Amino acid sequence: NAVFDRSISNNMVYFEKIPISNTCSKFEIFDIKYINIHDSEHDLVVKNNLTENIDYRYYNSIERKQHYLVFYLVPFRISNNTLQKVSEFKIRMIQDTSLPKIKKSSIDSSVLSSGNWYKLGVTKSGVYEMDYNFLSSIGVNLDNVNPKNIRLYGNNAGMLQEGDNTIDDLIEIPIDVTGEDDNVFNSDDKVLFFGQSPDTWVYEDSAFVHTKNIYSDTTYYFLCFDLGFGARVEDYSLNYNENEINYQVSSYDNYFFHEEDLTNLVKTGRQWFGESFAFQSTQSFNSIIDNLDETEDVSLSINLAARSSIGTSFNITNNSNNLTNIYIPPLSENSSDYFRTSFTHHVFQPTSADLSITLTYNNFNNTAALAWLDYFSLSFRSNLTFNGGQLLFRDTRSIGTGTISRFLINSNLNNIKVWEVTNLNNINSFQLTQSNNTISFVVETDSLREFIVFDGTDNLIPHFSKM
């Protein structure tokens, strides 16, 4: 019952799906027994984030009218500097035997229950544009539209956690409508909005973690014209004195990740793998970064898998620089596992803006061996330089209680806009100051803030999808 789910742990986790007669109102594990992990197994366990206590979680689900308790257990811990694993445990469940109650929603009806709606899809994060021609092409009669009534709805992108039922309805997303003041949508008017990729990149535990959406390659939004005045991107306002600015930002946290969901090795579960190295043992993945700060370290995180009766390995290089070798242990004859995985985090100093990664699989003459790339990600610093189009940026180093930061964008372009897009339902526009080739704005950074700078030359276009 071992599965790999990176949203829970970088290690294999114990999984159980238990049929029950009703929902489980209380669940706990007890009488846990541990054994020390043998020295030969140490390299198989990712030790980051392990503590004295084991991590477990559960949720209720219903499939074809049958109730289940779904239970995950991370079976490793570190106790007195000793790596241990769970050898046995007991569980206790208390099922809800009361009569089923009809859960009353916090809303009486969905916003989609009235009005005429148009469904839009986006596949990457950025500023999207809808002009007169686009709206006409999806069937909107703009002669009858007051642009002040244009509204856009959606929710934060990315996969929901299993068992998560916190989303009650769509939220309204602020948009920018050019030319709405005359109450007529003219041929040169347009709507701008910020759309989010279905894949997420989240800062947690002092590191960025990406999660690929395995269920959809598109984030959807819903457009309407007949529910009254809509929410708009507001101007950000901050009253401050010059001597209160205590941090200046001229570079930012940037990232790149590669993950292809091509095959499910065990034909079940949520873990998919990408490129196979069975017939092409060396493969390169190009990643040339604009405005890379080459004085800063680059962090590589990579997860690989292999199926072999002997130990095999991957060699990882960046151009001609040898970065690291990753050993993947063998499968024993009586193993119930189909494959072994190995996760590695490695920090290196770049020698150029070319961060391309090359992987070479060594099967040590075992021609029956199979190997796959799960994913790799790169985290690094880039100089805050804008050469046109659009650019997302954020800076973890600016976070601090009471911190007021000045962001300095190196650019000689005109007609630039900067939006804060940290919260999808609270998007703000900044008043910019331009001096020589530097464009700046000031903002409080008591928490991580995300921004996008754009000049309108490379706005993205959503695609229309029938409801």
Side-chain angles (χ1 to χ4, degrees), residues 125-129 148 151-152 154 156-157 171-178 180-181 191-196 200-204 206 208 229-255 291 293 381-456 459:
S125 293
V127 173
Y128 285 78
E129 177 180 316
K148 292 181 180 178
R151 292 188 177 204
L152 187 72
N156 287 319
I171 60 173
E172 186 173 6
I173 300 168
I175 60 177
D176 182 61
V177 182
T178 302
E180 69 176 352
D181 290 340
V191 178
L192 301 180
F193 72 93
F194 180 74
Q196 294 177 323
T200 59
W201 187 271
V202 178
Y203 187 65
E204 56 185 30
S206 300
F208 284 97
F229 286 5
R232 297 294 179 259
V233 174
E234 301 286 348
D235 291 334
Y236 178 84
S237 177
L238 176 66
N239 294 321
Y240 66 93
N241 295 319
E242 193 68 22
N243 59 9
E244 293 179 296
I245 300 174
N246 43 22
Y247 195 79
Q248 300 215 70
V249 178
S250 58
S251 64
Y252 66 99
D253 297 282
N254 205 349
Y255 55 86
N291 305 309
D293 186 345
R381 298 283 295 185
S382 287
N383 296 311
L384 189 46
T385 299
F386 179 64
N387 297 316
Q390 49 183 291
L391 174 69
L392 273 164
F393 60 97
R394 79 294 305 151
D395 178 39
T396 57
R397 297 178 182 177
S398 67
I399 302 173
T401 303
T403 301
I404 297 179
S405 298
R406 172 176 277 125
F407 284 75
L408 305 169
I409 304 172
N410 179 27
S411 181
N412 59 5
L413 301 177
N414 297 314
N415 302 317
I416 288 177
K417 291 183 178 181
V418 174
W419 287 358
E420 182 187 0
V421 294
T422 309
N423 298 314
L424 191 62
N425 63 338
N426 185 29
I427 295 176
N428 295 302
S429 178
F430 286 91
Q431 181 178 352
L432 305 177
T433 301
Q434 188 160 5
S435 176
N436 297 323
N437 289 334
T438 300
I439 297 169
S440 64
F441 64 95
V442 176
V443 63
E444 293 176 305
T445 53
D446 52 344
S447 59
L448 184 63
R449 316 287 283 269
E450 180 139 19
F451 310 94
I452 188 166
V453 53
F454 62 101
D455 62 1
N459 292 340

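Source: prediction; values computed, not measured.
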Any donor and acceptor pair, going by atom type alone, linking the side chain of [X] with main-chain N or O of [Y] inside 3.5 Å?
X: Q196; Y: A157; answer: yes
X: R381; Y: N254; answer: no
X: D395; Y: Y252; answer: no
X: T445; Y: S398; answer: yes
X: S440; Y: R406; answer: no

Does [X] [atom1] have over 12 foreign heavy atoms under 6.0 Å away?
X: N243; atom1: CG; value: yes
X: Q248; atom1: CD; value: yes
X: N241; atom1: CG; value: yes

Quick check: do [X] and [Y] have side-chain heavy atoms less than 4.5 Å from each other?
X: V177; Y: K148; value: no
X: S429; Y: D176; value: no
X: N410; Y: L384; value: no
X: F393; Y: V249; value: no
X: I175; Y: R232; value: yes

Taking NZ, NE, NH1 and NH2 as the nitrogens, is one of them in E450 or R394 under 4.0 Å from a carboxylate oxygen of the other?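 R394 and E450: salt-bridged.
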
Salt-bridge contact K417-D455 (side-chain N to carboxylate O under 4.0 Å):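 The answer is no: the pair does not qualify as a salt bridge.
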
Distance, nearest 0.5 Å, that separates [atom1] of [X] from [atom2] of [Y]:
X: L392; Y: S125; atom1: CG; atom2: OG; value: 6.0 Å
X: N412; Y: N437; atom1: CG; atom2: CG; value: 5.0 Å
X: Y247; Y: I404; atom1: OH; atom2: CD1; value: 15.0 Å
X: N423; Y: N156; atom1: CG; atom2: CG; value: 7.5 Å
X: N291; Y: S251; atom1: CG; atom2: OG; value: 11.0 Å
X: L408; Y: T433; atom1: CG; atom2: OG1; value: 10.5 Å

From CA spacing to verdict: side chain to side chain contact (heavy atoms under 4.5 Å, CB included), F430, F407: CA-CA 11 Å; F430 286 91; F407 284 75; over 6 Å; no

Output all residues satisfying ring-ring contact (aromatic ring centres under 6.0 Å, His included) with F194, sequence neighbours left out; order by chain, then residue number.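 F194 satisfies ring-ring contact (aromatic ring centres under 6.0 Å, His included) with no other residue.
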
How far apart are the C-alpha atoms of E444 and Y236, what are their side-chain angles, what is the distance that settles it, and do they pass the side chain to side chain contact (heavy atoms under 4.5 Å, CB included) test? CA-CA 11 Å; E444 293 176 305; Y236 178 84; 4.0 Å; yes

Nearest heavy atoms of [X] and [Y], plus distance in Å:
X: N428; Y: V233; answer: C-CG1, 3.9 Å
X: V443; Y: R449; answer: CG2-NH2, 3.7 Å
X: I416; Y: S411; answer: CD1-OG, 3.6 Å
X: L448; Y: T422; answer: O-CG2, 3.7 Å

Tell me if the centroids of the rings in F451 and F441 come within less than 6.0 Å of each other. yes

When you check the side-chain N and O atoms of D253 and T396, is any donor under 3.5 Å from an acceptor? yes

Given T403 and N246, is the side chain to side chain contact (heavy atoms under 4.5 Å, CB included) satisfied, shown in steps? CA-CA 6 Å; T403 301; N246 43 22; 3.4 Å; yes

Aromatic plane relationship, Y203 with F208 - under 30° parallel, 30 to 60° tilted, over 60° perpendicular: tilted

Could you walk me through whether I439 and F386 pass side chain to side chain contact (heavy atoms under 4.5 Å, CB included), step by step? CA-CA 10 Å; I439 297 169; F386 179 64; over 6 Å; no

